[in-house]
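What follows is a set of notes on a single structure, which appears directly below.
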Protein chains: 2
Amino acid sequence: MQEKTRRARRLPREVRERQILDAAVEVFSANGYHAASMDEVAEVAGVSKPMVYTYLGSKEDLFAKCIRREAKRLLDAVAAGVDTDMTPDMQLWSGLRSFFSFVGDNRSSWLVLHRQALSVGGSFAEEISQMRARSIELVAAVVVATGTKQGIGEEAEKSAEGLAAALVGAAESLAVWWLDHPDVSDGLLASWLMNLVWLGFGDLVKGEVWTPNFPATT
Amino acid sequence: MQEKTRRARRLPREVRERQILDAAVEVFSANGYHAASMDEVAEVAGVSKPMVYTYLGSKEDLFAKCIRREAKRLLDAVAAGVDTDMTPDMQLWSGLRSFFSFVGDNRSSWLVLHRQALSVGGSFAEEISQMRARSIELVAAVVVATGTKQGIGEEAEKSAEGLAAALVGAAESLAVWWLDHPDVSDGLLASWLMNLVWLGFGDLVKGEVWTPNFPATT
DNA sequence: CAGTAAACCTACCCGCGAGTAGGTTACGGG
DNA sequence: CCCGTAACCTACTCGCGGGTAGGTTTACTG
């Protein structure tokens, strides 16, 4: 009844901090910030509560550290897959694949970032919003790059950020949808989005536009 | 120093319930479920705490009633703008316009539904998720309808639900983006999405597909 | 102009969970 | 082999906020 040296004891601080952060991400993602208790985090981490406080600080501190670590991991994962030398469509494709791949491998991270971080008012929400806004701007830059190369109109360029926001949201939504439909590969998800969105962009560039065939448009 | 009859007193239950629900939506949207206190709801509603309990029940009850009321309002608003006799593209267009219009007029409702409802684990999350799933299915039906009319391939049809999820997410994301960029009309937002997505759908139907020009596709 | 029912309030209880005081045990260096 | 320090724990305090007991006031009703 003692699998691995009976009880892993006296581990260096560095290791414990990692364990506690891992546990915290798990607990926060499962229950949400407010519903999560420090006792539970401590228990999941296999550690007593004062350890959590001495190593990671208050509950807010702990949550902030979770958010920042997971956000960095996600951004790094996406950045690692994207090479700015690639053509815009390949950049989008690679970014999407990296994104979905990360989400598939790190559900808890994704849930914390997507669901919890925004619902906790205050500085967290702002921090996450800014990070998301930066992602949107990066995507917008890719969209604009494509457009200007092919002589896009100012009208479309003005809307680039909106379109980018839509694309980012579409990817996030697909990631959530994926949780309920796991029998799809990350690559397939990414190609769906590319087919849906890129051809839309392409037609915009060609000057094609969809218009409602009724006059009323407030 | 007494604007309207000094103090609105002894109002019928029906009216008070509305006021309390309005206040609750406001408070929940601003602070999130857990951070919101019943005292604050009572104060915003201009009523004492026991009133809230006798009329609307526990905090969970109150939240559930908020969610259901606002969800119904949103769905009704969208449904009112969509006529199933219309062509699929017009249905999407009308639905999007109604959606953005509602969000513009009811920020708190939208925030509660979008941000808070999911982060409160348990039955609420499930309820909201199901509502969202139904919306996605409706959109998917429109997509499929278009496709089959024009002889869409099975492959694309299989992915219709995923595409619908992406579209719904795109709309939600645009709605959030809108909060920071209010100098855009709801109609413009809807037309952006239609241009982006519909032309994408259209090309899919025509058999055009975007493919990565590298072999690796897990 | 009672009397009754519904609207409404003040003032409290109490459990849960954030945060801490103060000690105990094991490892590493001399 | 012993001592210092870093790892670690048990056992608390205490305030916040969900929920309620029990009474008071106003409006309608005959």
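Here the structure is a predicted model, which is why all the values come from computation and not from measurement. Numbers restart at 1 for each chain; the letters A, B, ... are given by sequence-line order, proteins then strands.
- Straight-line distance from the CE atom of A/Met38 to the C1' atom of C/dC16: 15 Å, rounded to whole Å.
- With A/Tyr33 as the aromatic partner, A/Lys59 meets the cation-pi criteria of under 6.0 angstrom to the ring centre and within 45 degrees of the ring axis.
- Residue contacts for A/Ser37: at a heavy-atom cut-off of 4.0 Å it reaches the sugar-phosphate backbone alone, with no base atom in range.
- Protein atom CE of A/Met51 is 19 Å distant from nucleotide atom P of C/dG22, rounded to whole Å.
- Nearest to the side-chain atoms of B/Tyr53 among the listed nucleotides D/dC9, C/dC9, D/dT20 stands D/dT20.
- Put simply, CG on B/Asp39 is 13 Å from C1' on C/dT10, counting in whole angstrom units.
- Atom C1' of nucleotide D/dG18 and atom NE2 of B/His34 are separated by 13 Å, given to the nearest angstrom.
- For the pair A/Lys49 NZ and C/dG17 C1', the computed distance is 6 Å after rounding to whole Å.
- A salt bridge links A/Arg132 with A/Glu172: the distance from a Lys NZ or Arg NE/NH1/NH2 to an Asp or Glu carboxylate oxygen falls below 4.0 Å.
- A/Ala42 comes within contact range of no nucleotide atom at all, as no heavy-atom separation falls under 4.0 Å.
- The distance between atom CG of B/Leu62 and atom P of D/dG19, rounded to the nearest whole Å, is 10 Å.
- You'll find that the side chain of A/Arg16 is closest to D/dC8, out of D/dC8, C/dA18, C/dT10.
- In this structure, B/Leu174 and B/Leu193 approach most closely via the heavy-atom pair CD1-CG, 3.7 Å.
- Taking only side-chain atoms of B/Arg10, from C-beta outward, the nucleotide of C/dC9, C/dG19, C/dA6 with the closest atom is C/dA6.
- Among the heavy atoms of the strands, none lies under 4.0 Å from A/Ala35.
- The pair B/Glu137-B/Arg134 fails the salt-bridge criterion, with no side-chain N (NZ, NE, NH1 or NH2) lying under 4.0 Å from an Asp/Glu carboxylate O.
- We find that CD of B/Glu40 is positioned 10 Å from P of D/dG18, with the value rounded to whole Å.
- For A/Ser58, taking side-chain heavy atoms from C-beta onward, the closest of the listed nucleotides C/dA7, D/dA7, C/dG19 is C/dG19.
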I'd like to know whether A/Val27 forms a side-chain contact (heavy atoms from CB on, under 4.5 Å) with A/Ser37, so could you lay out the CA-CA distance, the side-chain angles of the two residues, the decisive distance to 0.1 Å, and finally the verdict. CA-CA 8 Å; A/Val27 172; A/Ser37 77; over 6 Å; no
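- Not one side-chain nitrogen or oxygen of A/Arg13 sits closer than 4.0 Å to the OP1 or OP2 atom of D/dA7.
- Judged by atom type and distance alone, A/Lys59 does not reach the base of C/dG19 through any side-chain donor-acceptor pair under 3.5 Å.
- The separation between B/Tyr55 atom OH and D/dT20 atom C1' is 17 Å, rounded to whole Å.
- In terms of position on DNA chain C, the residue among B/Pro50 and B/Pro12 whose nearest nucleotide sits closer to the 5' end is B/Pro12.
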